[in-house]
Amino acid sequence: MEVHWGAPLRFTVTTEGDTISVTTIESARWLLERKWPVADESRMTALRRIDQAMECLAPVAAAREAFVSAAQTAGYHPA
């Protein structure tokens with residue numbers, strides 16, 4: 001089952017202009033677990049919030065907000 005994430009989030013991830021589009025909460029979690037460039041507190045907070053939202057223990061908006069914050073600390077920019 002996929003949890004509704006809202007509008008896709010797009011980020012520029014390289015200086016060459018490569019982008020990623022995050023369309024589901026599951027894809028956000030996968031990116032944070034497997035492809036994230038830094039292991040910092042923002043990443044861990046986003047993973048916790050996503051897990052809570054997937055278990056219906058926290059609002060999806062809080063998970064989304066934490067993901068955006070983690071993306072910014074990782075050096076990603078809104079596309």
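Note: Tyr76 and Phe11 have tilted aromatic rings, judged against thresholds of 30 and 60 degrees for the angle between ring planes.
If you take CZ on Arg29 and CD1 on Ile25, they are separated by 9.5 Å, rounding to the nearest 0.5 Å. From His77, atom NE2 reaches atom OG1 of Thr15 across 10.0 Å, with rounding to the nearest 0.5 Å.
Residues Ile50 and Met54 are in side-chain contact: their nearest non-hydrogen atoms beyond the backbone lie under 4.5 Å apart. Val38 is not listed as a side-chain neighbour of Arg43, based on a closest heavy-atom distance of 4.5 Å or more. The side-chain heavy atoms of Arg49 and Glu65, taken from C-beta on, include no pair separated by under 4.5 Å. Two residues are said to be in side-chain contact when any heavy atoms from C-beta on lie closer than 4.5 Å; Asp18 and Thr12 fail this criterion.
Here the side chain of Arg10 pairs no donor or acceptor atom with the backbone of Pro78 at under 3.5 angstrom.
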* Asked: Given Glu41 and Arg48, is the salt bridge (charged side-chain N to carboxylate O under 4.0 Å, His left out) satisfied, shown in steps?
  -> CA-CA 10 Å; Glu41 187 58 35; Arg48 279 193 303 273; 3.1 Å; yes
* Please walk me through it: do Thr45 and Ser42 pass side chain to side chain donor-acceptor pair (under 3.5 Å)? -> CA-CA 5 Å; Thr45 298; Ser42 289; over 6 Å; no
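Annotation for Val60 and Ala53: closest pair CA-CB, 4.0 Å, computed over non-hydrogen atoms. Pairing each heavy atom of Leu31 with each of Phe67, the nearest pair is CD1-CZ, 4.4 Å.
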